[in-house]
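These notes concern the structure reproduced below.
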Amino acid sequence: MYGYAGKILRINLSNGKVSLSPLEEVVAKRYIGGIGLGMYLLIKNSKAGVDAFSPENPLILTTGPLSGTIAPTGGNGHAFVSKSPLTGGLGESKSHGFFGTELKRAGYDAVIFEGKAEKPVYVWIDDDNVQLMDAKALWGKSPQETEDMIREDLGDYYVRVAAIGPAGEKLARVACIMNDKTRAAGRTGLGAVMGAKNLKAIAVRGTKDIAVAKPEEFLEFVKMLHERMRGPATEKYRTLGTPLNVLVHNSLGALPTRNFTNATFEGAELVSGEYLNKQFVAKIVGCSSCAMRCEHLAIVSEGPYKGTTTRVEYEPLWAFGPHCGVDRLDAIIKAMELCNLYGLDSLSTGNIIGFAMDCYEHGILSKNDTGGLELRFGNAEAMIEMVHKIGKREGLGDILAEGVKRAAEKIGKGAEKYANHIKGLEMTGYDIRGLKTAAIGYAVSFRGADHNRHGAYAIDLKGAVDRFKVEKGRSKYVIDIEDLYTIIDSLMVCKFSRGVYYKEFEDLARYYSLVTGIEMSPKEMRRAGERINNLGRLFNIREGFTRKDDHLPPKVMSTPIPDNCVSKGSYISQEELDFMLDDYYAHRGWTRDGIPTPDKLNELEMDELAYIVEGKIKK
Amino acid sequence: MASIHARKFVSSDPEKCVGCCVCEYICSYEKEKVFNPLKSRIRVVRLDSLINMSLACRLCENAPCVTACPRDALTQSKETGIILVDEDKCNGCGWCIEACDYGAIMIHPEKRVVFTCDLCDGKPKCVEWCPEDALDIVSTDTLAQKARISAVRKLFQETTKR
Ligand code: SF4
Ligand code: SF4
Ligand code: SF4
């Protein structure tokens, strides 16, 4: 096989047993790699209804067919897939850097971690040699320290590590898995799945060759991508980076502020990408094989947080900034650095603190609950204290580490009204009250609140449609991008590079064929994208999800945008949501309850999974 | 001969290099038709995200690697300064590796003999492919010129700031 390593590694942490199986070509072609392959392996290797923290919930790690080649951004990604401890549905999260490349060179397309180690361990994958190593000395350490210690321990600088921090060890449901110091597989709490398995880290060193099917044409294609990557399609990422969004969203009344109380932020200038670049960004670097370079490394050079450094992206900046009403970038950077050190999903963590602040403002939480903290919107010091508490599961932090949905249930007193999540996953930095196309994508996303599963905000923000209106056929746009995005996440090319595939499915199909030698038409590629979206749906249906789980955060459905801005007064009613869901399901070829029909599954060559919908379709 | 412009080698500008490893990929492909950094003649070091640099053979004067070799497997081309490896003589003992300050001569993972940058017949692939234009083919003299220019520029900026 070209591109693919052709092997799946299975590691049973309970008994240390290691085994190999081949990656079959039909599976490769149907599910591509990355999240697609990971989701397929998950559904085949798990039983319905297992607890996310049970040894019986496998954690799947995958690379993609492009991993380890010179393919820009595709060369370097990896994905984790498991049942999410936050949503109880499909959990998937991707990261880039150098780790995935190394795993591919070690000879694997996927690793399935099963069972649970008796004592803390890390897995050491040294090409064909796989061992469980004692991780006692690493327990309690940050992912960054863990990485250094393992490298030191193994005596090889080129060892790559993905690790969890104290938050993952303590089963914080918003824990992430970090690699290459600043990169996170952040969402859906998979760090806690590692923690539940007593698996502190995965260390990899691979020395094998990666060959592609049509090298000369492939290199020509890559060269063209390099050119495009220096052009306008990626300019945003090379210059201001995603924090560019701050002022854009603010001007459109789409910047969720103070836990979705407002949609504009008076302090936006102070937390803008422009200001960040001028005052804080020390260098912009990139991942292995990438020609874009997007990683904005910020350093705080003065004040109480002097010396703090982290990579900055819009979402966490938003979560700790406008969302918490904080207009101090030094404090935001500090909070993000702490998330890296504890191994917390910074987006979810910031979101939860904003929620807690809202509860405090409404008298649902008091100083008694917060350990004396004045947890008001805008209180940067209290915000940072709360990150520590969540990372350590201390006091109120213990409850908040459960994620916004469970935390609200535990707190009670109507806290649910302020818990902005979908399927249990915390909301991201788009105020969808005035982005009604995006709202469909959010509601149906298989991993919960997520702009990255559909990218439908682009349609609203570009002004291609009336974003304040709900109308028939709108879901068609959403579906198109969803299908494209599942392919992007399965080939594991970086989403920031999506603009360089001018012909979308055609370019991606060609890319795939050049690397793997497996012929794939643009149409088949699109179908694979649709298949993977149906697969995500099937997993959730198997876990008991219904139409009711395609919901929107409470504030989005109850509180019209109050600010004097273009989106004033906008929100989404239940009727509108129902209308959108009907439209979406119909376009997907699903029933009115959102269930893929056996005919649909047959068309997508997924008959083997049709058992999941059996008996669930009402006549 | 002995022109000041002779003996050029591949050097990366740490200010520009982002540690993306494209040079490693293309070098291993050019030389061995596979992607594998272990088979690249140029190697990237990324100490943390802020410090990256790639390194290839510097074509040293009186090359220490050549001197160190106990089997006379290494010679330095008089014309170009490139280190030539006689694969029949080399037994992979590693003395040259120890002698090189840059880690620029290394053992081939399969052939078990050393290999190093040969400048791709004067058309360095890594220079052509580096997406950051961080690589250049320079002589020690032009390298020093560059360093002087950037130092003066910095000093100048500092004095004008005050
Ligand atoms: S290709 Fe250029 S930027 Fe990338 S690592 Fe090599 S020298 Fe540095
Ligand atoms: S291999 Fe090392 S010692 Fe030999 S010439 Fe090159 S840089 Fe100098
Ligand atoms: S000049 Fe050629 S051989 Fe030398 S490092 Fe660059 S690509 Fe490799």
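Numbered from 1 within each chain, the chains take letters A, B, ... in sequence-line order. For the numbers below, each heavy atom of this structure counts, side chains included, while hydrogens, waters and symmetry mates do not.
- The nearest pair of heavy atoms linking V204(A) to F99(A) is CG2-CE1, 3.5 Å.
- Using a 4.5 Å cut-off between heavy atoms, F218(A) contacts chain B through its side chain alone, with no backbone atom that close.
- Relative to the ring axis of Y29(B), K31(B) does not place its NZ or CZ within 45° and under 6.0 Å from the centre.
- Both the backbone and the side chain of E132(B) come within less than 4.5 Å of a heavy atom in chain A.
- Using a distance-only test at 3.5 Å, with no hydrogens or angles considered, a donor-acceptor pair links the side chain of D86(B) to the main chain of D88(B).
- Residue V44(B) touches chain A through its backbone alone, counting heavy-atom pairs closer than 4.5 Å.
- There is a side-chain donor-acceptor pair under 3.5 Å between D127(A) and T207(A).
- The parts of E216(A) that come within reach of chain B are both its backbone and its side chain, each placing non-hydrogen atoms under 4.5 angstrom from that chain.
- Proximity of a side-chain donor or acceptor of R112(B) to a complementary backbone N or O of G92(B) within less than 3.5 Å is not detected.
- Within the cation-pi definition used here (under 6.0 Å to the ring centroid, within 45° of the axis), R510(A) does not qualify as a partner of F221(A).
- Interface remark: I299(A) contributes side-chain atoms only to the contact with chain B (heavy atom separation under 4.5 Å).
- Contact of C130(B) with chain A is made through the backbone alone, with heavy-atom distances under 4.5 Å.
- With a 4.5 angstrom heavy-atom cutoff, K208(A) touches chain B only via backbone atoms.
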